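If you're wondering where the values come from, they're calculated on a predicted model, not measured in any experiment. Numbered from 1 within each chain, the chains take letters A, B, ... in sequence-line order.
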Amino acid sequence: MSDYLLEMKGIVKEFSGVKALDGIDLKVHPGEVVGLCGENGAGKSTMMKVLSAVYPYGTWDGEILWEGKPLQAASIRETEDAGIVIIHQELMLVPELSVAENIFLGREITNGGFLDYEAMNAEAARLMAELKMSHVNVAMPVSHYSGGVLQLIEIAKALGKNAKLLILDEPSSALSQTETEILLDLIRGLKHRNVACVYISHKLEEIEAIADTVTVIRDGQFIGSAPMSELTIDKIINMMVGRELTEKYPHEEHTIGDVIFEVRHINCYDPLNPQMKKVDDVSFQVRAGEILGIAGLVGAGRTEMASAIFGYYKGPHSLEVYLNGEQISVKDPEAAVKHGICMVPEDRKRHGIVPLLGVGQNITMAVLPRFTQGGLINEAAEFATIRGEIDRMGIKTASPVLAIASLSGGNQQKAVVSKMLLANPRVLILDEPTRGVDVGAKYEIYKLIYELAKQGIAIIMISSEMPEVLGISDRVLVIGEGQLRGDFVNDGTLTQEKILTAALTRRQMAA
Amino acid sequence: MIASGTKNFTSLFSRYKVLSLLFVIAVIWLLFGWLTDGFFLSPRNFSNLLRQMAITGMLASAMVFVIISGEIDLSVGSLLGLLGGVAAILDVRYGVPVVANFLVVILLGLAAGLFNGWWVAFRGVPSFIVGLAGLMAYRGVLLGVTDGATIAPVSPGFVIIGQAYLPLLVGDILAGLAFLLIAFLILRSRQKRQQYNLDVPPLWQEVAKLVAIGIVIAGIVITLDDYRGIPIPVLVMMIILGVFTLLAQRTVFGRRIYAVGSNLEATRLSGVNVRMVKLMIFGLVGLMCAFAGLTTTARLAAGSPSAGNLGELDAIASCIIGGTSMRGGSGTVYGALIGALIMASLDNGMSMLGVETFWQMIVKGSILLLAVWVDIATSAKS
Ligand SMILES: Nc1ncnc2c1ncn2[C@@H]1O[C@H](COP(=O)(O)OP(=O)(O)OP(=O)(O)O)[C@@H](O)[C@H]1O
Ligand SMILES: [Mg+2]
């Protein structure tokens, strides 16, 4: 009767009495791209989990019509068979299996009862090539790759299932600009084949570029839905946060002091292939109160570099670390934290959160001994701190003792950042600190970074979001293919083009 | 939507898993009581039952930490046997004074535990393998030093810790104090939770809980007093329960055990020395093996080369039945002890009925499987 592919009406979903969704509508035409926007914890992921039957029929209220007929799926299997394919915000790959095995997980190609590796590898390679990722070896275990590549493998996995509706829950948070472009092109291609999309992202430029219609939700409530042609980014933000947000980057004066931190000759080799260099003789210095942005394409070796500095790079590596002019040994993260070098890791699920512990217990994890009295934890003191942090960071949680795994992605990120701030760092390494964080909260995190810089903390911020790097760094290092390819003072003349050119230009820089 | 009546019922049980465990115990006891014409429920047997469970309970209360941290330790049965055997040899052959003997054995237990832990934490050998190696090697050492023969008779001073009872009055006073302490802790934690604006259950529930605990404690003590009082091994186990519960819930080390089991990498990247945490857990296990070994030797008044055989399996089963997740990250000490009580009840009741050993094993195995399945089936829905 209707020409909608999908209609969700009055969806209500409760978690132990708290309404995460309170009567939300969502309608999608065939071949339409709907941008779903909202702050962290607004309920976007929950809505998509309702749709894809991660939360099966019966655990929520409301109605879903799929091609005009009621959809009452009990499992993801059923929704996938119907043509609804979801790419979750948190990656769902099995690290020990190969790229191809992951892509075909659950629908393996067999030949006479045996796995047909040849066919699977060939098809996987074709899918990866479609994503312009031909350099990925599909026979390698997934654990060999990181960051954006993982996200693209996840996307390839979804592409292999014949979708009529593709749900992408923050697919681009781990992608570089180039990779995001590839993804957006791909979605445009799918659109031509009449495949519809629900696209969730905190990067509103992408929404603007790709969405036909935008639906905004806030605190589990439906706020509005309109064609993109009638909207602007500012209008969307306005709907999301319910107020005007004038500037994206706070700029606060802070004095830059002497060099307090220096690394020399970082060299990292591939754990599986020790011939291959991941980081090639990078050296740099950071001053007290300086915000050093590290830009580069995803896969350039920035995360490897950061993990080597923090003492947990898995493969062979060598480097010298100097704090206040004295050489120190950082053999493991414990030593790093003791020296006041702290890090917010890139992969939140694997390295950031302890899922079964409460939000509060995650926040105080690094500094727990501080709250002990006669060997026992003084819970009053601990909770006072936790409350303070939850307020300061604006972490949205029903309770400080709720397991952190049940928070929305962005709120988990805020908790992880807060954990490391409590450790009183002298040098703070932030690897993609605003990954999955909404516009309002991003602003808060930037303000916090300035606050820390004012206290004289040296900040190293790795980010694939160029505007962010340009927006808040004092100085920008550019890394390309494991090499240091640029060192710019961010004095207003630095542009994205300059950074990109530097990243792609092969040259040897004297550090 | 699920009917709200059953929903409330299941949520009550999933919130207080203890309730379902206690329910299981009640069923088992009533069944055996009925089948044995009430003998099973006699004070004498009850005392016996608790003494039987004490040894498994000691092992389980440390094993639970191992499992929470995502590891396993298969060597505890053999280590218990070895430490008990060493204690018997020191006593019988060399006449070492009892206190010195205990000290030596406790230190030895700690050392053996740390040795296991060192292989796991610092040498990266999977704990399953380290445990398996210990299971064989410690038993081997025991057979070597005892020549496969029972070492007896152990001196009377030694035997006390396995066979003696607290004087009735002392036992009553201790029980009263324990109850007051629990009441104080529960009410204070309630008050604190309110102070931090955390949800608290309605007051009547808290009071009901306290009354229930009071009745259980009073019931246990009165029944035990009816026979000969609180057995020393049971006292030791209760103290361990208290100390370990505090350790798990209120210390940095305890918090880290859970963190390591839930996400080792993230814990490590927060600057926590995760190896040290693991090492200490295994040290604790060694310590408990010493306690359990000494108790076993004292109870038998002899060192037996087969002491503690399969003890590791009883300990692990107790933890699992008591709600500890094999995937790590969650579990409680009191749960493990209730699990041990369930296992001991089955052993004791079936032996009393003259059920053949092979049937006993089949029943215990089935109960373990069933317990885990029920747990999985009920928690998957939430
Ligand atoms: N399993 C759960 N138990 C309890 N609360 C939950 C659970 N899952 C989600 N929530 C809550 O529901 C709300 C909506 O979460 P959701 O993950 O849908 O947000 P989101 O819009 O996707 O946010 P983000 O942009 O940060 O990813 C949050 O407040 C979250 O804490
Ligand atoms: Mg989300």
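The two residues R256(B) and P369(A) make their nearest non-hydrogen contact at NH2-CD, 3.6 Å.
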Practice problem: Evaluate side-chain contact (heavy atoms from CB on, under 4.5 Å) for R275(B) paired with E334(A), printing each intermediate quantity in order. | Solution: CA-CA 11 Å; R275(B) 292 179 165 175; E334(A) 191 197 356; over 6 Å; no
Quiz item: Between T267(B) and M365(A), is a side-chain contact (heavy atoms from CB on, under 4.5 Å) present by the stated rule, with each step listed?
Solution: CA-CA 8 Å; T267(B) 309; M365(A) 175 115 87; 4.2 Å; yes
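Remark: the backbone N or O of L356(A) is paired with a side-chain donor or acceptor of S262(B) at under 3.5 angstrom. A donor-acceptor contact shorter than 3.5 Å links the side chain of R250(B) to the backbone of I377(A). Under a 3.5 Å cut-off, the side chain of N263(B) and the backbone N or O of I353(A) do form a donor-acceptor pair.
At a 4.5 Å heavy-atom cutoff, the contact between A380(A) and chain B is made by backbone and side-chain atoms alike. Only the side chain of T364(A) comes within less than 4.5 Å of a heavy atom of chain B; its backbone N, CA, C and O stay farther away. If you measure heavy-atom distances from R350(A) to chain B, the contacts under 4.5 Å come from the backbone alone. If you measure heavy-atom distances from K349(A) to chain B, the contacts under 4.5 Å come from the backbone alone. Interface remark: F15(A) contributes no atoms to any contact with chain B (heavy atom separation under 4.5 Å).
Dense packing is recorded around CZ of R387(A), with more than 12 heavy atoms of other residues, nucleotides or ligands lying under 6.0 Å away. In F128(B), the CZ atom is not crowded: 12 or fewer heavy atoms of neighbouring residues, nucleotides or ligands sit closer than 6.0 Å. Counting heavy-atom neighbours within 6.0 Å of F253(B) CZ, excluding the residue itself, gives a total above 12. Counted within 6.0 Å of OH on Y57(A), heavy atoms from surrounding residues, nucleotides or ligands total 12 or fewer; the atom is thus considered open.
With rounding to the nearest 0.5 Å, the separation of CG in L246(B) from CG in L376(A) is 5.0 Å. Atoms CG and NE2, on L269(B) and H351(A) in that order, are 5.5 Å from each other to the nearest 0.5 Å. Rounded to the nearest 0.5 angstrom, E379(A) CD and S189(B) OG are separated by 7.5 Å.
E265(B) and R348(A) are not joined by a salt bridge, as no carboxylate oxygen comes within less than 4.0 angstrom of a charged side-chain nitrogen.
Most heavy-atom pairs under 4.5 Å with chain A: of the set G329(B), G254(B), A259(B), this distinction falls to A259(B). By number of non-hydrogen pairs under 4.5 angstrom with chain B, the leading residue of N362(A), V354(A), L357(A), N378(A) is V354(A).
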